[in-house]
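Reviewing the structure listed below.
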Protein chains: 2
Amino acid sequence: MADARNLRRAPARVRRSHAERTAETRARILAAVVDSIAEVGFHRTTAVEITRRAGVTWGAVQHHFGDKDGILVAVLEDTFGRFAARLESVAIDRMSLERRVVFFVERAFEHFTSREYVSTFEILLDHLRRKDPPSPDGARWQVQMLRAWDRVWRRFFGDATVPRKRQLLLQHYTVAVLTGLASTLLLEAGERALPREELALLEATLVRELAQAG
Amino acid sequence: MADARNLRRAPARVRRSHAERTAETRARILAAVVDSIAEVGFHRTTAVEITRRAGVTWGAVQHHFGDKDGILVAVLEDTFGRFAARLESVAIDRMSLERRVVFFVERAFEHFTSREYVSTFEILLDHLRRKDPPSPDGARWQVQMLRAWDRVWRRFFGDATVPRKRQLLLQHYTVAVLTGLASTLLLEAGERALPREELALLEATLVRELAQAG
DNA sequence: TCATTTCCATAATGCACGCAATGGAAATGT
DNA sequence: ACATTTCCATTGCGTGCATTATGGAAATGA
């Protein structure tokens, strides 16, 4: 499912298969939701706002996702899938530990400051505090995400001579630092330069920790 | 303004001054907003939800805060004021650097996982993404908060022989780590044990950084 | 070609939301 | 004591929200 963010409505009256139509419409709607949440926030991401951005009507949303909850869950699934795929397709040739750390931190930070993550964050924030916990427990996503992170982490740092338990801690710590940096950046209103020095401090910590023998 | 969270409606028909009434009602409403956001989330914190929790009607809110935006801003002001006061009243006698770091991290983490902070976080998250930026710019709060943090930081670590610039970096980093830990904790659904080891790693980093000469 | 299914726009409905308006009880102050 | 002000409950309103219902155009497949 390609990124359809900048697509405008097709010139109309083009013969396309159902599969094509469905793919584009779904992508367009999902992108609209992500953009809307990232720009105007979750609770202003209303039905009409979504349809306006997507250039479709609510009928389309209704057909593809059922109701609003359906889209939100779909955004979670789609974003997570894309994210996991991107993470696991990273070419990890023989780098030094330092370079791997830098590379990893860079990628991860990029992710946590992305619109996609911001959106999922707000969606989850809202979902896990409803009286009516839906069938797939909201906290499940967090678990899946951490698993995916863990796979990537092991590919990057699996050879470190540090106890597994310690590695999990470092992993959790890293995620915390990065999401924290991302959120402060977010609250500081809009896009600011990336916090190089803070990231450097994190990288130094990781290198030191991973280098030492278990 | 005392914490009125667990207060129930007074037995009615008690003679009280206007000042007393106002103080209690305001406190009750503010507490209701904080609790509501922390428990059911920002966008389910509706007018009736607030009045229900506070045990008052909308008329009271209207009288004391004007409109909904008024309460939210009031929550920001009140929470921040309380927080700053608490921070600056900490007795900082002669402790070792290690103990000061532990103490500081502990306090700060406590703050970032508090209901008050979660509430202000969500309020700010929503406010700074509206088309109509109100008179006091939303990002102003963040600045004020960081100033308050800075004052406390200097009281704790002002004697460190580390360049000021580096200290600001460490400060920012610390806030990021703590908010990050708090938010992952939040997303992991409900109250979990506090992440001792992650905090320990942060403390170790701070001690190492602050101990070295400029 | 024609029936069926998929896809989606249009229109209508019901509801919850924030808010304004009003009035009255309680406190104030003169 | 009485006018004034403060405090807050009640009521009602307009709007925007999510959602349903319906119909028709386009694609499918026989």
Side-chain angles (χ1 to χ4, degrees), chain A residues 4 7 9-30 32-33 36-37 40-74 123 126-127 130-132 134, chain B residues 4 7 9-30 32-33 36-37 40-74 123 126-127 130-132 134:
Chain A
L7 285 177
R9 205 93 185 93
R13 286 315 111 86
V14 223
R15 162 115 190 168
R16 279 180 307 170
S17 72
H18 274 170
E20 284 171 325
R21 284 184 177 279
T22 292
E24 190 198 318
T25 302
R26 284 183 59 102
R28 194 204 293 281
I29 293 171
L30 291 176
V33 173
S36 175
I37 294 181
V40 302
F42 181 86
H43 110 278
R44 265 181 293 274
T45 297
T46 168
V48 299
E49 179 72 17
I50 293 170
T51 57
R52 196 183 58 76
R53 288 175 178 264
V56 298
T57 65
W58 185 253
V61 179
Q62 185 180 201
H63 179 255
H64 288 290
F65 302 102
D67 58 358
K68 197 181 179 186
D69 240 59
I71 333 175
L72 296 182
V73 172
I123 294 175
D126 184 80
H127 264 241
R130 43 177 46 179
K131 318 173 179 60
D132 174 33
Chain B
L7 285 177
R9 205 93 185 92
R13 284 319 111 86
V14 223
R15 164 112 189 170
R16 277 180 309 169
S17 74
H18 274 171
E20 284 172 326
R21 285 184 176 279
T22 293
E24 190 197 317
T25 302
R26 283 182 60 101
R28 195 205 294 281
I29 292 171
L30 291 176
V33 173
S36 175
I37 294 181
V40 302
F42 181 86
H43 110 277
R44 264 180 293 274
T45 297
T46 169
V48 299
E49 179 71 19
I50 293 170
T51 57
R52 195 182 58 77
R53 287 174 179 263
V56 298
T57 65
W58 185 252
V61 179
Q62 191 176 195
H63 178 255
H64 286 289
F65 303 101
D67 56 359
K68 195 181 178 184
D69 239 59
I71 334 175
L72 297 181
V73 172
I123 293 175
D126 184 80
H127 265 240
R130 45 177 45 178
K131 318 173 179 61
D132 175 33

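Quick note on labels: first sequence line is chain A, next is B, and so on, each numbered from 1. No hydrogens, no waters, no symmetry mates; every other heavy atom, side chains included, goes into these values.
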Item to complete: Using atom CZ of B:R21 as one end and atom C1' of D:dC8 as the other, report the distance to the nearest whole Å.
Response: 9 Å
Response to the item:
Across all chains, not counting sequence neighbours, the side chain to side chain contact (heavy atoms under 4.5 Å, CB included) partners of B:T22 are B:R26, B:H64
Worksheet item: Could you give the CZ-to-P distance, from A:R52 to D:dC17, as a whole number of Å?
Response: 11 Å
Item to complete: Output yes when at least one side-chain N/O atom of B:H64 is less than 4.0 Å from OP1 or OP2 of D:dC8, else no.
Response: yes
Worksheet entry | Rounded distance (Å) that lies between atom P of D:dC7 and atom CZ of B:R28 | 15 Å
Worksheet item: Can you tell me how far P of C:dA26 sits from CD of B:E20, to the nearest Å?
Response: 16 Å
Discussion item. Among residues at least two apart in sequence or on other chains, which ones pass side chain to side chain contact (heavy atoms under 4.5 Å, CB included) with B:E20?
Written reply: B:R16, B:S17
Response to the item:
In this structure, CD1 of B:I71 is separated from CD of B:Q62 (nearest 0.5 Å) by 10.5 Å
Worksheet item: Considering residues at least two apart in sequence or located in another chain, which fulfil the side chain to side chain contact (heavy atoms under 4.5 Å, CB included) criterion with A:A60?
Response: A:T25, A:I29, A:V56
Worksheet item: Who passes side chain to side chain donor-acceptor pair (under 3.5 Å) against B:E49, sequence neighbours left out?
Response: B:R52, B:R53
Discussion item. In whole Å, I'd like the distance from the CD atom of A:E49 to the P atom of D:dG16.
Written reply: 13 Å
Discussion item. Do A:V61 and A:K68 make a side-chain contact, defined as non-hydrogen atoms from C-beta onward lying under 4.5 Å apart?
Written reply: no
Worksheet entry | Nearest-angstrom distance from the residue atom NE2 of A:H63 to P of D:dA27 | 14 Å
Worksheet, complete the sentence: Here the distance between atom P of D:dC17 and atom CD1 of A:I50, to the nearest Å, is 11 Å
Which protein N or O atoms sit under 3.5 Å from an N or O of nucleotides 28-30 of chain D?
residue, atom, partner, partner atom, Å
D:dT28, OP1, A:H18, N, 3.3

Worksheet item: Got a sec, which residues hit side chain to side chain donor-acceptor pair (under 3.5 Å) with A:T51, two or more places apart in sequence or on another chain?
Response: none
Worksheet, complete the sentence: In B/S/- notation (B base, S sugar-phosphate only, - none; protein heavy atoms under 4.0 Å), nucleotides 18-24 of chain D written 5' to 3' is SBBB---
Item to complete: Only counting residues at least two apart or in another chain, list the ones meeting ring pair (Phe, Tyr, Trp, His ring centres under 6.0 Å) with A:H43.
Response: B:F42
Worksheet item: Are A:T22 and C:dC7 close enough that a side-chain N or O sits under 4.0 Å from OP1 or OP2?
Response: yes
Response to the item:
Value for CG (B:L72) from CD1 (B:I37), rounded to nearest 0.5 Å, stands at 6.0 Å
Fill in: Integer-rounded Å distance: D:dC17 C1' and B:R44 CZ
15 Å
Discussion item. With a 4.0 Å limit, can you tell me whether B:T25 has a side-chain N or O closer than that to the phosphate oxygens OP1/OP2 of D:dC7?
Written reply: no
